[in-house]
Student: 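Before we start, here is the structure in question, set down as structure tokens.
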There are 2 protein chains.
Amino acid sequence: MTLENEHCNVVATLRKAGLSRTTQRMAVLKVMIQADGPLSVGEILKRTDLEQRINKVTVYRILSSFKENSIIRELPTDHGMSLYEMACLHNPVHPHFYCKTCRTMSCLPPLRLSQALDWFAGPSTFRIDDVHVHVNGVCRQCQERS
Amino acid sequence: MTLENEHCNVVATLRKAGLSRTTQRMAVLKVMIQADGPLSVGEILKRTDLEQRINKVTVYRILSSFKENSIIRELPTDHGMSLYEMACLHNPVHPHFYCKTCRTMSCLPPLRLSQALDWFAGPSTFRIDDVHVHVNGVCRQCQERS
DNA sequence: CATTAAATGCAACTTGATTGCAAATATTTT
DNA sequence: AAAATATTTGCAATCAAGTTGCATTTAATG
């Protein structure tokens with residue numbers, strides 16, 4: 001198995017971010033790049049374990065550093081658990097659908113929301129209960145404080 | 001202190017939802033109606049405690065029943081914690097800004113997102129790191145299963 | 001007022017996530 | 001290349017949000 005898929009390159013991504021190429025970071029990044037959709041920490045652990053066992057804490061720290069460097073995006077859920085996805089050029093910001101029953105997050109096409117809703121109203125549809133627009137950042141006071 | 005503010009009425013809201021008028025439910029709903037913005041469970045506890053001590057578990061159960069009856073909306077955050085706000089006519093769905101530093105959630109005007117972003121770029125600005133559109137509901141398989 | 005159903009409180013527990021610190025691994029310097 | 005330094009990792013313990021089971025209390029019903 002190679003260290004790159006059709007899209008992103010593990011080594012290049014880490015270098016660009018100025019992060020050292022540790023075995024664990026490479027394994028996590030590889031799993032993220034090859035993911036079919038947003039992954040939980042548990043799922044990331046399962047997938048990296050296939051090749052090498054990584055400590056849960058290490059995965060959290062790696063994800064945290066990836067997030068700081070905008071390599072990945074974090075998607076919080078209603079169930080006190082976050083999911084993670086690549087934030088690379090090949091995976092631009094897009095809406096997500098979260099099933100509150102099976103707790104699965106799926107990606108919506110990066111359309112205007114109205115179109116996305118039409119798309120969802122199609123044949124194999126979901127029941128939509130609510131739509132949240134969530135802006136993350138740092139408020140003025142916190143910026144001034146640092 | 002009365003049981004209604006300029007907007008919503010505690011008793012009417014509970015009756016409409018078919019929920020019994022317990023002391024605790026009324027206290028929580030009153031706090032929610034009088035809230036200046038989304039509240040955490042901890043904050044709700046603090047505010048209800050001023051008049052009567054309510055168990056944490058009870059608050060969770062009350063919020064859960066309010067959510068099921070669309071009396072409130074739940075807003076999950078990056079920090080494994082949810083915030084809650086009224087879902088009444090006077091508080092229509094709108095975007096939120098979450099400061100990842102002080103962990104405060106503030107409401108954005110219910111404008112088109114592009115306008116809201118302009119608004120945010122104004123004089124007293126926030127630093128925006130990312131915008132998430134999050135659709136909650138039940139996926140097809142889970143619907144069929146129930 | 002008595003009966004029945006629903007809601008609450010408490011204690012214990014589950015789970016996602018974090019912290020402190022020692023050991024291991026990378027990077028830098030000589 | 002080896003030694004010195006800085007970074008990263010793993011483990012154990014811990015924290016905090018949220019949940020569950022069950023006995024008790026409170027509200028709704030007749």
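In what follows, every chain begins at residue 1, and chains take the letters A, B, ... in the order their sequences are listed. Keep in mind that the numbers below use all heavy atoms, side chains included, and drop hydrogens, waters and symmetry copies.
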Student: Closest to the A:V57 side chain: C:dG16, D:dT9, D:dA12?
Tutor: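 The answer is D:dA12.
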
Student: Can you classify the ring geometry of A:H96 versus B:H132 as parallel (below 30°), tilted (30 to 60°) or perpendicular (above 60°)?
Tutor: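 Aromatic pair A:H96/B:H132 classed perpendicular.
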
Student: For B:L63, what residues pass the side-chain contact (heavy atoms from CB on, under 4.5 Å) criterion, not counting sequence neighbours?
Tutor: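 Testing B:L63 for side-chain contact (heavy atoms from CB on, under 4.5 Å), a comparison that skips the adjacent residues, returns B:V28, B:V41, B:I44, B:V59, B:I72, B:Y84.
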
Student: Using whole Å, what does the distance between atom P of nucleotide C:dA7 and atom CZ of B:F66 come to?
Tutor: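 The answer, rounded to whole Å, is 11 Å.
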
Student: Can you tell me how far P of C:dA7 sits from CG of B:N69, to the nearest Å?
Tutor: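 For the pair B:N69 CG and C:dA7 P, the rounded distance is 11 Å.
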
Student: Could you say whether B:I62 or B:R103 is positioned toward the 5' end of DNA chain C, judged by the nucleotide with the nearest heavy atom to each?
Tutor: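 Result of the comparison: B:I62.
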
Student: Within the side chain of A:N69, is there an N or O that forms a donor-acceptor pair under 3.5 Å with the backbone of A:S65?
Tutor: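 The answer is yes, because a donor-acceptor pair under 3.5 Å joins these two groups.
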
Student: Ignoring hydrogens and angles, are the base of C:dG16 and the side chain of A:K56 linked by a donor-acceptor pair under 3.5 Å?
Tutor: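 Answer no: no donor N or O sits under 3.5 Å from an acceptor.
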
Student: Could you work out, with side-chain contact (heavy atoms from CB on, under 4.5 Å) as the rule, every residue matching B:N55, not counting sequence neighbours?
Tutor: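 Checked B:N55 against side-chain contact (heavy atoms from CB on, under 4.5 Å); matches are B:V57, B:T58.
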
Student: Regarding B:S20 and B:R25, do their side chains bring together a donor and an acceptor under 3.5 Å, going by distance alone?
Tutor: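 Looking only at side-chain atoms, B:R25 and B:S20 do form a donor-acceptor pair, the distance falling under 3.5 Å.
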
Student: Angle, rounded to 10°, between the helical axes spanning five pairs at each terminus of the helix from C:dC1-D:dG30 to C:dT30-D:dA1?
Tutor: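 Here the helix ends are tilted 40° relative to one another.
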
Student: In terms of the nearest nucleotide of DNA chain D, which residue is placed more toward the 5' end: B:S20 or B:E74?
Tutor: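 Per heavy-atom nearest nucleotide, the more 5' residue is B:E74.
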
Student: With hydrogens left out and only the distance checked, is there a donor-acceptor pair under 3.5 Å joining B:R53's side chain and the base of C:dG9?
Tutor: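 It does not, because no donor-acceptor pair links the side chain of B:R53 to the base of C:dG9 below 3.5 Å.
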
Student: Assign each of B:G18 and A:L19 to its nearest nucleotide of DNA chain C by heavy atoms, then name whichever residue's nucleotide is nearer the 5' end.
Tutor: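 The answer here is B:G18.
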
Student: Record whether the side chain of B:R61 comes under 3.5 Å of the base of D:dG18 through a donor-acceptor pair of N or O atoms.
Tutor: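 Side chain to base: no pair below 3.5 Å.
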
Student: Going by an N to O cut-off under 4.0 Å, is there a salt bridge joining A:D78 and B:R73?
Tutor: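 A salt bridge is absent here (no side-chain N lies under 4.0 Å from a carboxylate O).
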
